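What follows is a set of notes on a single structure, which appears directly below.
In this chain, numbering begins with 1 at the start of the sequence shown. Not measured: the values here are computed from a predicted model. Heavy atoms only: backbone and side chains are in, while hydrogens, waters and symmetry mates are out.
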Amino acid sequence: MLALLIGLRSLFAAVKAILLNLLSVGASFGALVIVFQEGHGSKLFGLDGPTGSVYPIVPILAFAIVFGLSMDYEVFLVARVLEERRRGLSERAAVVEGLARTAGLIHERCGNYDCRIHRIHGGKLSGSSKCLGFTLAVAVFIDATVVRMVVGPALLQLAGDWNWWPFGLYGAPAASEKGLVP
């Protein structure tokens with residue numbers, strides 16, 4: 001959080017990034033429990049039934065990996081929006097422009113990462129590897145689609161100038177309602 005606070009010079013953006021990360025991780029942990037612990041759909045992963053519990057190492061590793069990945073996605077998007085705001089665009093125009101410029105990159109990285117997860121964790125592996133692979137795939141998918149493409153930009157737009165409090169827009173020209181700059 002400190003790196004985001006210093007890099008973006010915004011308390012709101014740093015706190016929002018952490019809360020959105022927890023949303024992604026929480027959703028993936030919920031899916032992990034439903035599939036592996038409760039056994040709903042566990043046959044798709046080569047299990048005979050529910051495991052009854054989750055391997056203790058899976059949430060720890062998944063959280064560490066997903067935290068790093070989702071912070072990358074957040075920095076791509078928020079830094080681009082901040083750059084557009086500093087160029088003088090309104091918050092709405094900056095969010096639209098930032099999303100347009102980063103959505104392809106975020107989804108490309110998500111797709112590449114999900115393919116690697118399936119290649120590494122597919123096949124005849126232990127239960128903990130299957131749990132970890134599933135959790136990571138769900139977390140990356142949710143984070144790159146729902147959280148970074150819908151929830152994050154919506155929060156940026158709703159918060160307006162508060163996104164950049166206290167020093168994010170220091171020295172930037174006043175926001176205008178001009179259209180998107182090519």
Side-chain angles (χ1 to χ4, degrees), residues 1-31 59 61-119 133 135-182:
M1 179 167 156
L2 187 59
L4 283 173
L5 184 62
I6 292 169
L8 299 173
R9 296 188 289 174
S10 167
L11 180 63
F12 181 83
V15 170
K16 179 187 71 72
I18 290 182
L19 293 176
L20 290 180
N21 182 2
L22 292 176
L23 178 66
S24 300
V25 171
S28 68
F29 287 175
L61 286 175
F63 179 79
I65 294 168
V66 170
F67 187 84
L69 287 172
S70 67
M71 283 300 142
D72 278 353
Y73 299 156
E74 180 73 9
V75 169
F76 292 155
L77 177 62
V78 174
R80 187 62 178 181
V81 171
L82 178 58
E83 181 181 314
E84 296 301 325
R85 286 288 285 148
R86 287 182 176 158
R87 286 181 48 208
L89 291 180
S90 67
E91 191 67 35
R92 179 177 174 75
V95 169
V96 169
E97 185 70 14
L99 191 56
R101 302 257 177 153
T102 60
L105 176 66
I106 291 172
H107 278 114
E108 180 182 334
R109 289 193 64 184
C110 168
N112 287 341
Y113 191 74
D114 271 351
C115 287
R116 282 189 226 128
I117 289 170
H118 290 297
R119 188 171 44 230
T135 305
L136 292 176
V138 169
V140 167
F141 178 75
I142 289 171
D143 191 69
T145 55
V146 176
V147 173
R148 302 296 164 212
M149 296 297 119
V150 178
V151 178
L155 288 176
L156 283 172
Q157 191 164 338
L158 284 173
D161 285 342
W162 285 102
N163 287 318
W164 318 114
W165 180 81
F167 302 114
L169 292 177
Y170 183 75
S176 66
E177 290 301 322
K178 65 182 177 181
L180 300 179
V181 178

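In this structure the side chain of Phe63 reaches within 4.5 angstrom of the side chain of Leu22, judged on heavy atoms. With contacts defined as side-chain heavy-atom distances shorter than 4.5 Å, the pair Val15/Leu19 qualifies.
Listed by chain and residue number, nothing satisfies the ring pair (Phe, Tyr, Trp, His ring centres under 6.0 Å) test with Phe76 (two or more places apart in sequence, or in another chain). Partners of Val151 by side-chain contact (heavy atoms from CB on, under 4.5 Å), not counting sequence neighbours, listed by chain and number: Leu20, Val146, Leu155. Taking the side-chain contact (heavy atoms from CB on, under 4.5 Å) definition, one finds that Ala27 meets it with Ile142, sequence neighbours left out. Residues that satisfy the side-chain hydrogen bond (donor to acceptor under 3.5 Å, both in side chains) test with Ser70, not counting sequence neighbours, are Asn21. Residues passing the side-chain hydrogen bond (donor to acceptor under 3.5 Å, both in side chains) test with Thr135: none are found, sequence neighbours excluded. The side-chain contact (heavy atoms from CB on, under 4.5 Å) check on Leu61 picks up Ile57, Leu132, with sequence neighbours excluded.
Contact record, Ala94 with Glu84: CB-CB, 3.7 Å, taken as the closest heavy-atom pair. Across Ile106 and Ala144, no two heavy atoms sit closer than the pair CG2-CB, 3.9 Å. Nearest heavy atoms, Arg80 versus Gly98: CG-CA, 3.6 Å.
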Under the side chain to side chain contact (heavy atoms under 4.5 Å, CB included) criterion, do Tyr73 and Val140 qualify, and how do the steps go? CA-CA 10 Å; Tyr73 299 156; Val140 167; 3.8 Å; yes

Could you check Asp143 against Leu69 for side chain to side chain contact (heavy atoms under 4.5 Å, CB included), going step by step and ending with a plain yes or no? CA-CA 9 Å; Asp143 191 69; Leu69 287 172; over 6 Å; no

Assess whether side chain to side chain contact (heavy atoms under 4.5 Å, CB included) is satisfied between Leu77 and Met149, documenting all intermediate values. CA-CA 9 Å; Leu77 177 62; Met149 296 297 119; 5.5 Å; no

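Here CD of Gln157 is found 8.5 Å from OG of Ser90. Values are rounded to the nearest 0.5 Å. From Leu11, atom CG reaches atom CG of Asn163 across 11.5 Å, with rounding to the nearest 0.5 Å. In this structure, the separation between OG on Ser28 and CZ on Phe141 is 13.0 Å, given to the nearest 0.5 Å.
One side chain, Trp164 or Glu91, offers a donor N or O that lies under 3.5 Å from an acceptor on the other.
Looking at Arg87 and Glu83, no side-chain N of the basic residue comes within less than 4.0 Å of a carboxylate O on the acidic one, giving no salt bridge.
Side-chain N or O atoms of Arg85 include one that pairs as donor or acceptor with a backbone N or O of Leu89 at under 3.5 Å.
A salt bridge (charged side-chain N to carboxylate O under 4.0 Å, His left out) check over residues 68-79, counting only residues at least two apart or in different chains, returns the pairs Lys16-Glu74, Asp72-Arg109, Glu74-Arg148.
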